[in-house]
Every structure is written in structure tokens, then in C-alpha cells.
Amino acid sequence: MNNPALIHKTIAFVKEKLNDAEGGHDWFHIERVYKNALLIANDTNCDLVVVQLGALLHDIADSKFHNGDEAIGPKTARAFLEAENVSETIIRHVVNIIENISFKGGNFEKKFTSVELDIVQDADRLDAIGAIGVARAFNYGGFKNRTLYDPEIAPVTNMTKEEYKKNNAPTINHFYEKLLLLKDKMNTGKGKEIAAERHRFMENFLAQFYAEWEGLK
């Protein structure tokens with residue numbers, strides 16, 4: 001199968017698998033990450049097919065929605081790629097991207113590195129910040145029935161992976177526990193450039209949020 005046909009079939013597969021997904025982790029999230037990845041890849045010497053497949057399949061079965069099972073995403077991606085007769089070299093690379101892309105409390109040490117992982121990780125993190133990031137945070141908070149904000153509950157930074165997975169704090173805390181940390185964790189020059197602007201948007205949003213909370217505006 002040639003590359004355009006493979007990418008087309010992968011898109012169709014992902015759309016079908018994520019048809020009923022939560023709004024922040026649905027096909028549209030994948031599509032935005034895919035576009036971000038292509039944008040970053042334009043400035044980078046990389047294997048574009050690996051970047052495309054990694055971006056499209058990175059959240060094919062997010063552990064958050066599968067009882068914390070971190071193996072199901074890589075397994076699902078591998079099964080699909082094997083059925084499409086993709087080379088084992090590419091399959092391993094894509095699986096490594098899926099296994100190493102997540103934030104996981106910020107203390108997760110990558111066991112694999114590549115330019116392609118850097119690109120897809122930046123693309124995914126860009127979708128977690130800025131206006132879209134704000135929308136996704138509150139969408140997921142609503143999905144989990146979390147409080148918007150509670151001044152009595154302070155954010156907890158430097159959580160372990162397990163603590164992060166079990167965290168059920170108010171949505172505003174998520175900005176301090178993850179979203180505001182992403183700007184300084186970007187890998188690529190283009191990713192850092194875009195992240196800086198989206199980071200400023202979140203800072204402005206939080207300033208407005210607290211002002212409204214206190215009845216100052």
C-alpha cells in the first residue's frame with residue numbers, strides 16, 4: 001500500500017474507533033494534532049510517514065478511558081498496522097511514540113527518543129494549551145463531574161505517574177498541574193514558538209477567571 005492510501009485508511013480507522021469518544025479526545029482532537037504535526041514537520045528533517053501515523057494513532061485507545069490500561073493503545077495500533085502490511089520498523093517506531101508521548105504527571109522519563117516523537121509530542125501538547133486547551137480542560141472536567149474551582153484545594157505539582165492518574169482535583173488545578181508546565185517542555189523550535197502564544201492566552205484567561213470569581217469584573 002502506498003503512503004497516501006495508508007494515511008487515508010488510517011484516518012478512516014481512527015474516525016470509526018473514536019466515533020463515541022469524549023469531546024477532548026475524539027477524532028477532532030486527532031485531526032488537530034495531525035495538522036499541528038504536519039506544521040512542525042515542515043520545519044524539520046524527519047520521516048513524515050512515521051509522524052503522520054504517530055499523530056493519527058497516538059490516542060487510538062487512551063488509557064484514561066480503558067481502566068488505566070496503557071497497553072491497549074499500542075496493541076490496537078500494532079494490530080491495525082500489521083493488517084495493513086506496514087513494515088515492522090515503522091510499526092515499532094509508531095508504537096514507541098504512543099508509549100512515550102503522554103505527560104503522566106511530568107515526571108515520566110521517556111524510554112525512547114526520536115525526532116518524530118518530538119514532533120508528535122509537541123503537536124499533542126499544543127492541543128492541550130491555548131483556547132483549545134482551556135475548552136478541553138473544562139470539557140473533561142465536566143465529563144468527570146469535577147468542580148470548576150475550589151480555593152481550599154491547592155494544586156499539587158510534581159506528582160508521580162500513579163498520583164497523576166488518580167488525581168480528581170478541580171479543573172482549574174489542572175492548569176498548574178499540567179497545562180502551564182507544557183510551554184517549557186516543548187521539544188522543537190516551532191513547537192516552542194506556538195506554545196509561547198498559547199501559554200499567554202491561558203495566563204490571561206486565568207487572570208480574568210479569578211477576577212470574575214472575586215466579583216472584581
Side-chain angles (χ1 to χ4, degrees), residues 18-37 39-40 55 58-59 62-68 70 101-109 120-217:
L18 299 182
N19 184 51
D20 297 319
E22 179 267 333
H25 298 82
D26 58 3
W27 159 248
F28 295 112
H29 163 63
I30 302 299
E31 184 178 41
R32 292 189 302 269
V33 172
Y34 181 66
K35 290 177 180 177
N36 287 339
L39 179 64
I40 297 170
H58 81 278
D59 257 351
D62 192 309
S63 63
K64 287 192 292 293
F65 307 103
H66 293 85
N67 299 314
E70 295 182 6
I101 192 173
S102 293
F103 179 73
K104 297 177 183 173
N107 290 315
F108 175 68
E109 191 170 327
V120 178
Q121 188 173 58
D122 277 9
D124 187 40
R125 287 175 171 178
L126 286 175
D127 202 56
I129 60 179
I132 293 289
V134 170
R136 288 183 68 208
F138 285 101
N139 186 84
Y140 186 72
F143 177 78
K144 300 293 285 187
N145 198 31
R146 292 180 179 173
T147 305
L148 291 179
Y149 172 54
D150 185 338
E152 300 298 317
I153 302 176
V156 178
T157 56
N158 295 317
M159 286 182 279
T160 66
K161 183 177 79 169
E162 291 307 314
E163 288 172 335
Y164 182 77
K165 286 168 66 175
K166 294 176 181 177
N167 186 30
N168 197 33
T171 297
I172 284 292
N173 290 30
H174 188 57
F175 285 81
Y176 301 95
E177 293 166 352
K178 177 182 178 181
L179 307 189
L180 292 171
L181 307 178
L182 294 181
K183 175 178 69 71
D184 294 329
K185 293 182 177 293
M186 304 300 287
N187 305 297
T188 66
K190 190 67 174 178
K192 292 175 182 178
E193 175 189 329
I194 299 171
E197 182 177 349
R198 297 190 184 192
H199 183 87
R200 284 192 293 272
F201 179 92
M202 292 191 299
E203 289 179 323
N204 291 335
F205 167 79
L206 288 169
Q208 180 73 19
F209 181 93
Y210 292 129
E212 292 181 14
W213 187 274
E214 297 298 337
L216 301 176
K217 286 190 178 181

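Quick note: numbers below take in every heavy atom, side chains included, and nothing from hydrogens, waters or symmetry partners.
Side chains of Lys192 and Thr188 form no contact here, defined as non-hydrogen atoms less than 4.5 Å apart. Using a 4.5 Å heavy-atom threshold, the side chains of Asn173 and Ile153 count as touching. Contact annotation: the side chain of Arg136 approaches that of His25 to within less than 4.5 Å [non-hydrogen atoms, C-beta and beyond]. For the pair Thr171/Tyr140, no side-chain contact is recorded, criterion being any heavy-atom separation below 4.5 Å from C-beta on. Using a 4.5 Å heavy-atom cutoff, the side chains of Asp20 and Asp26 are not in contact. With contacts defined as side-chain heavy-atom distances shorter than 4.5 Å, the pair Leu180/Leu206 qualifies. With a 4.5 Å cut-off on side-chain heavy atoms, Lys35 and Arg32 do not count as touching. Between Leu126 and Val33 there is no side-chain heavy-atom pair separated by less than 4.5 Å.
Residues Asp122 and Asn187 approach most closely at OD1-N, 2.8 Å, considering heavy atoms. Across all their heavy atoms, Ala37 and Ala55 have their closest contact at CB-CB, 4.0 Å. Nearest heavy-atom pair across Leu148 and Pro170 is O-CB, 3.8 Å. Residues Gly130 and Phe201 share a closest heavy-atom pair of C-CD2, 3.7 Å.
Residue His199 holds its NE2 atom at 9.5 Å from CG of Leu182, rounded to the nearest 0.5 Å. Between the CZ atom in Phe175 and the CG atom in Leu181 there is a gap of 12.0 Å [rounded to 0.5 Å]. Between Asn167 atom CG and Lys178 atom NZ the span is 12.0 Å, to the nearest 0.5 Å. To the nearest 0.5 Å, the span separating CD1 on Ile172 from CZ on Arg146 amounts to 13.0 Å. One distance of note links CD1 of Ile101 with CG of Asp124; it measures 4.0 Å at 0.5 Å rounding. Here the CE-CD1 distance, from Met186 to Ile129, works out to 6.0 Å after rounding to the nearest 0.5 Å.
Other residues, nucleotides and ligands place more than 12 heavy atoms under 6.0 Å from the CD atom of Glu203. The environment of OH in Tyr149 is crowded: more than 12 heavy-atom neighbours from other residues, nucleotides or ligands sit within 6.0 Å.
Aromatic rings of His29 and His58 (six-membered ring for Trp) have centroids within the 6.0 Å cut-off, being under it.
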side-chain contact (heavy atoms from CB on, under 4.5 Å) evaluation trace for Ile194 with Arg198: CA-CA 7 Å; Ile194 299 171; Arg198 297 190 184 192; 3.5 Å; yes
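Side-chain atoms of Glu177 come within 3.5 Å of backbone N or O of Val156 as a donor-acceptor pair.
The aromatic rings of Phe209 and Phe205 lie tilted to each other, with the angle between the two planes from 30° to 60°.
Salt-bridge annotation for Lys190 and Glu193: present, with a side-chain N of the basic residue lying under 4.0 Å from a carboxylate O of the acidic one.
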